[in-house]
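Some notes on the structure that comes next.
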Amino acid sequence: MPEVILLEDEPVLRQELGEFLEELGYAQTCVSSLQEFDQRFDPARHHLAVIDIGLPDGCGLDLIQRLRQEGQQVGIVVFSARQTGPDRISGLGMGADHYLGKGCDLDELAATLAALVRRLGLPQPGQDQPPSSWLLEIGPRRLHIPGAAAMPLSQQDLTVLHCLMSQPGENISRRQIVEALGADYLEYDQRRLDTQMRRLRRRVEALSGQTLPVKTLRSSGYCFYQPAQVKG
């Protein structure tokens, strides 16, 4: 399992990002200052780093420059509120692999880390032997993609895919899915389900380059149109 060290001084965002990384299947170490980073960074374990720039005891760019001068091969993603052109140029010039603004969609952060994992030859989060067909694991909340890595899932994504993959080839109504999510169908905003499906498709494509085999049935529901298995 790839390990990420996250350097972010704002407590609420640090917790949110840490939980997001864990949901994606990464082992994560969360620190709040340059000093704590130096105390806890282990190059034998931490092959990925997400680093903020404005920190209480200095600048994250200085840390990135020092890591590169020491020859550390860690994949570095800057995640900062400073996102002007000169900021990005400076961060990349210091040795960051990618530079993201804090206003970006977290799916972009997930895709960026997945690209670094592939480039560095690291094991994919939650990686097992790739299955020959689509497989949904309920307990660990993972979607196994044929010929690719397993993808960690949120509880909501798991619920939606369970509705679809437990009846592959069948048309599953929006009402069935919404009620499985524990919501009132008459009060549920249908756009939330469409947004969730788009996010799922983007994550699958970013991780594997494959298309999630879910067909949208106009105004009625969805259909998982390839063979699938569900494992408890």
Side-chain angles (χ1 to χ4, degrees), residues 12-13 15-26 77 79 83 98 100-115 117-118 124-126 131 133-232:
V12 174
L13 181 57
Q15 180 177 351
E16 179 186 350
L17 290 174
E19 291 173 353
F20 179 72
L21 291 170
E22 184 177 16
E23 182 179 293
L24 290 174
Y26 295 99
V77 178
F79 196 68
Q83 44 189 315
H98 298 276
L100 300 178
K102 285 186 176 178
C104 77
D105 191 313
L106 289 184
D107 281 345
E108 185 176 354
L109 174 60
T112 299
L113 288 170
V117 164
R118 290 193 297 270
Q124 293 284 348
S133 63
W134 294 82
L135 169 66
L136 183 67
E137 277 192 294
I138 303 298
R141 297 208 313 254
R142 294 188 296 190
L143 175 65
H144 292 263
I145 303 169
M151 187 177 83
L153 299 168
S154 67
Q155 184 59 51
Q156 280 203 334
D157 286 345
L158 176 72
T159 300
V160 171
L161 285 173
H162 185 261
C163 287
L164 300 174
M165 294 177 65
S166 60
Q167 301 180 71
E170 298 293 325
N171 296 344
I172 308 301
S173 71
R174 287 174 173 267
R175 189 181 195 111
Q176 287 175 268
I177 298 172
V178 169
E179 290 179 350
L181 290 169
D184 186 326
Y185 178 73
L186 297 178
E187 297 181 0
Y188 188 83
D189 185 350
Q190 296 293 318
R191 292 172 297 182
R192 291 175 56 191
L193 187 57
D194 294 328
T195 298
Q196 184 177 356
M197 192 59 66
R198 283 195 298 270
R199 287 168 60 93
L200 258 174
R201 287 180 169 125
R202 286 201 303 266
R203 287 191 61 202
V204 168
E205 186 170 2
L207 178 63
S208 68
Q210 298 188 46
T211 299
L212 182 67
V214 173
K215 176 174 60 178
T216 300
L217 309 171
R218 186 177 298 275
S219 302
S220 62
Y222 299 94
C223 172
F224 196 95
Y225 57 81
Q226 287 191 7
Q229 302 177 55
V230 175
K231 179 179 178 183

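For clarity, every value in this text was computed on a predicted model and none was experimentally measured.
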From Leu106 atom CG to Leu113 atom CG, the distance as rounded to the nearest 0.5 Å | 10.5 Å
Looking at OG1 of Thr112 and CG of Leu100, how far apart are the two atoms once the value is rounded to the nearest 0.5 Å?
-> 4.5 Å
Rounded to the nearest 0.5 Å, what separation is found between the CG atom of Leu24 and the CD atom of Glu19?
-> 12.0 Å
Mind listing the side-chain donor-acceptor pairs of residues 155-163 below 3.5 Å, one per line with the distance, residues two or more places apart or on another chain?
unit_1, atom_1, unit_2, atom_2, d
Asp157, OD1, Gln196, NE2, 2.9
Asp157, OD2, Ser154, OG, 3.4
Thr159, OG1, Gln155, O, 2.9

Can you see which heavy atom on Phe79 is nearest to which on Gly101, and at what distance?
-> CE1-O, 3.8 Å
Considering all heavy atoms of both residues, which atom of Asn171 and which atom of Cys223 are nearest to each other, and what is their separation?
-> OD1-CB, 3.7 Å
Taking the side chain from Arg142 and the backbone from Glu137, do they hold a donor-acceptor pair closer than 3.5 Å?
-> no
For Leu164 and Phe224 the tightest heavy-atom approach is O-CB, 3.7 Å
Hey, which of Leu207, Leu135, Val204 is the one that makes side chain to side chain contact (heavy atoms under 4.5 Å, CB included) with Leu143?
-> Val204
Given Trp134 and Ile145, is the side chain to side chain contact (heavy atoms under 4.5 Å, CB included) satisfied, shown in steps?
-> CA-CA 5 Å; Trp134 294 82; Ile145 303 169; 3.8 Å; yes
Are any non-hydrogen side-chain atoms of Leu153 and Leu136 less than 4.5 angstrom apart?
-> yes
Identify all side-chain donor-acceptor contacts of residues 172-182 below 3.5 Å with residues at least two apart in sequence or on another chain.
unit_1, atom_1, unit_2, atom_2, d
Ser173, OG, Gln176, N, 3.1
Ser173, OG, Gln176, OE1, 3.2
Arg174, NH1, Gln190, OE1, 3.1
Arg174, NH1, Asp194, OD1, 3.4
Arg174, NH2, Asp194, OD1, 2.6
Arg175, NE, Glu179, OE2, 3.1
Gln176, OE1, Ser173, N, 3.0

Is the shortest heavy-atom distance from the side chain of Leu17 to the side chain of Leu109 under 4.5 Å?
-> yes
Paired with Asp107, the salt bridge (charged side-chain N to carboxylate O under 4.0 Å, His left out) test is passed by just one of Arg201, Arg203, Arg202, namely Arg202
Closest heavy-atom contact between Gln83 and Gly103?
-> NE2-N, 4.2 Å
Do Thr195 and Arg192 have a side chain donor and acceptor closer than 3.5 Å?
-> no
Is it true that a side-chain atom of Gln210 and a backbone atom of Pro146 form a donor plus acceptor pair closer than 3.5 Å?
-> yes
Find the distance between CD1 (Ile138) and NZ (Lys231) and round it off to the nearest 0.5 Å.
-> 11.5 Å
Indicate the atoms forming the closest heavy-atom contact of Thr216 with Tyr222, along with that distance.
-> OG1-CE2, 3.5 Å
